[in-house]
Amino acid sequence: MSKILIGLLFSLPLFADLFPVTTQSTITNANNNILQISPAFPVNGMSGIIIHTYKDGASAATTAAVQNENGILTIIDSPLMENGKLPQIATKAIVGDKVIGGYLYDNVLLLAPNQNTYNEITSKYKKNWINPDNYASFISQKRDGVPTKENLSSFAKSYQVGLIAIVKKDSIVIYDPLSQRIISKEPFATQTQTQTPFFSNFEKVRTGWFGSTVDENYYTLMEQIN
């Protein structure tokens with residue numbers, strides 16, 4: 001069995017304002033895919049990883065879960081890493097296992113309509129901002145061309161991204177690519193200048209196998225992620 005060893009999990013920072021707080025909890029009840037934890041995650045829709053400590057003292061992230069209601073989690077039937085060649089950990093979540101809500105939430109990809117907006121937001125919040133060029137290249141290679149829930153989830157697992165910040169019309173939302181839920185939102189002025197499909201240093205992002213380019217409106221594309 002291959003274990004994903006976890007280090008320094010319990011010294012994770014706390015975030016305020018728009019970004020939910022990272023939380024350490026404990027499983028108090030486990031019934032198949034339904035878990036009860038204490039304390040609850042700060043917001044519903046927030047994902048977390050289950051940490052199991054084995055008899056030899058090693059700790060591993062065994063699975064992920066999402067809080068659908070206060071203190072009640074559902075196991076996410078999806079691998080933690082984007083690598084089909086790695087065997088999946090079969091350890092079941094049990095009472096006493098630790099849960100890290102908001103794991104990797106400090107690693108954020110921002111989808112913004114233009115460079116000025118991108119600079120404004122990344123200057124305001126001290127996060128480990130993932131370069132949008134990486135995501136633009138990722139979806140171009142996949143021939144998707146536009147952001148989707150599926151390729152955001154795949155990119156997040158490949159690049160260790162915890163959150164996606166998305167500038168929409170009149171708001172900025174925080175999207176958890178693991179739970180595929182919007183978990184936070186605040187007002188933000190609509191921008192008139194937009195780059196398609198989002199701000200990056202790529203002039204064009206390819207879509208389809210014949211090399212066509214994306215020409216849909218930025219806000220139209222972002223509204224599809226909800």
Side-chain angles (χ1 to χ4, degrees), residues 15-20 42-47 66-68 76 78 82 102 104-208 211-226:
F15 309 134
D17 302 327
L18 181 62
F19 294 85
V43 294
N44 291 334
M46 189 171 177
S47 69
V66 57
Q67 178 171 282
N68 292 315
I76 297 175
S78 176
E82 192 74 8
L104 295 178
Y105 269 21
D106 199 29
N107 298 345
V108 185
L109 170 69
L110 171 60
L111 301 182
N114 55 58
Q115 185 172 8
N116 288 338
T117 302
Y118 185 89
N119 291 341
E120 176 186 347
I121 295 172
T122 54
S123 297
K124 180 178 180 181
Y125 297 99
K126 295 186 182 300
K127 299 289 178 269
N128 178 25
W129 295 104
I130 306 301
N131 194 322
D133 291 355
N134 291 336
Y135 181 53
S137 175
F138 183 84
I139 62 176
S140 185
Q141 290 174 3
K142 284 182 169 291
R143 303 293 179 176
D144 289 344
V146 299
T148 65
K149 287 186 172 183
E150 291 74 21
N151 63 40
L152 281 170
S153 177
S154 180
F155 177 78
K157 292 174 183 177
S158 297
Y159 283 78
Q160 296 289 283
V161 179
L163 290 174
I164 316 293
I166 307 172
V167 178
K168 296 193 174 187
K169 280 187 177 179
D170 303 320
S171 67
I172 177 172
V173 303
I174 303 302
Y175 176 79
D176 184 319
L178 195 57
S179 69
Q180 299 190 355
R181 300 266 295 275
I182 290 174
I183 58 175
S184 181
K185 178 180 180 179
E186 71 176 26
F188 194 86
T190 300
Q191 307 296 296
T192 55
Q193 294 185 340
T194 62
Q195 180 175 334
T196 300
F198 51 83
F199 165 71
S200 74
N201 289 309
F202 282 52
E203 291 186 4
K204 298 291 184 179
V205 176
R206 300 292 176 181
T207 182
S212 58
T213 58
V214 180
D215 57 6
E216 291 184 72
N217 176 268
Y218 166 83
Y219 287 115
T220 300
L221 294 173
M222 295 307 116
E223 287 305 317
Q224 296 174 14
I225 305 170
N226 51 37

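Start at 1 with the first residue, then count along the sequence.
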Margin query: In the structure I gave you, are the side-chain heavy atoms of Ser153 and Lys149 within less than 4.5 Å of one another anywhere?
Written below: no
Name every donor-acceptor pair, under 3.5 Å, that has one atom in a side chain of residues 184-191 and the other anywhere in the protein, sequence neighbours excluded.
unit_1	atom_1	unit_2	atom_2	d
Ser184	OG	Leu18	O	2.6
Glu186	OE2	Tyr125	OH	3.1
Thr190	OG1	Asp170	N	3.0
Thr190	OG1	Asp170	OD1	2.8
Gln191	OE1	Thr117	OG1	3.1
Gln191	NE2	Ala189	O	2.8

Next item on the list: Could you pull out the closest heavy-atom pair between Ile225 and Pro147, with the gap in Å?
Entry: CD1-CB, 3.7 Å
Margin query: Among residues at least two apart in sequence or on other chains, which ones pass side-chain contact (heavy atoms from CB on, under 4.5 Å) with Asp133?
Written below: Asn131, Ser200, Asn201, Phe202
Note to self: Test of understanding: with side-chain hydrogen bond (donor to acceptor under 3.5 Å, both in side chains), list the residues that count as partners of Thr148, not counting sequence neighbours.
What the structure shows: Asn151
Check: With Tyr218, which residues qualify under side-chain hydrogen bond (donor to acceptor under 3.5 Å, both in side chains), at least two apart?
Finding: none
Notebook entry, point to check: Could you give the distance from CG (Asp144) to OH (Tyr135), rounded to the nearest 0.5 Å?
Noted result: 7.5 Å
Margin query: Please identify which of these residues, Pro42, Pro20, Ser47, meets the side-chain contact (heavy atoms from CB on, under 4.5 Å) condition with Ile183.
Written below: Pro20
Check: Of all residues at least two apart in sequence or in a different chain, which pass the ring-ring contact (aromatic ring centres under 6.0 Å, His included) check with Tyr159?
Finding: Phe155
Notebook entry, point to check: Taking only residues two or more places apart in sequence or in another chain, which ones pass side-chain hydrogen bond (donor to acceptor under 3.5 Å, both in side chains) with Thr122?
Noted result: none
Note to self: Tell me whether Lys169 contacts the main-chain N or O of Glu223 through its side chain, where contact means a donor paired with an acceptor under 3.5 Å.
What the structure shows: no
Item checked: Polar contact flag, side-chain donor to acceptor under 3.5 angstrom, Ser137-Gln141 -> yes
Notebook entry, point to check: In chain order, what residues pass the side-chain contact (heavy atoms from CB on, under 4.5 Å) check against Asn68, with sequence neighbours excluded?
Noted result: Val66, Thr74, Arg181
Item checked: For Leu163 against Pro177, the heavy-atom pair lying closest together -> CA-CD, 4.0 Å
Note to self: Can a side-chain donor-acceptor contact be found between Gln195 and Asn114 if the only test is distance below 3.5 angstrom?
What the structure shows: no
Item checked: Partners passing side-chain hydrogen bond (donor to acceptor under 3.5 Å, both in side chains) against Asn128 (at least two apart in sequence or in another chain) -> Asn107
Next item on the list: Please lay out, stage by stage, how Asn226 and Lys168 fare under the test side chain to side chain contact (heavy atoms under 4.5 Å, CB included).
Entry: CA-CA 10 Å; Asn226 51 37; Lys168 296 193 174 187; 4.2 Å; yes
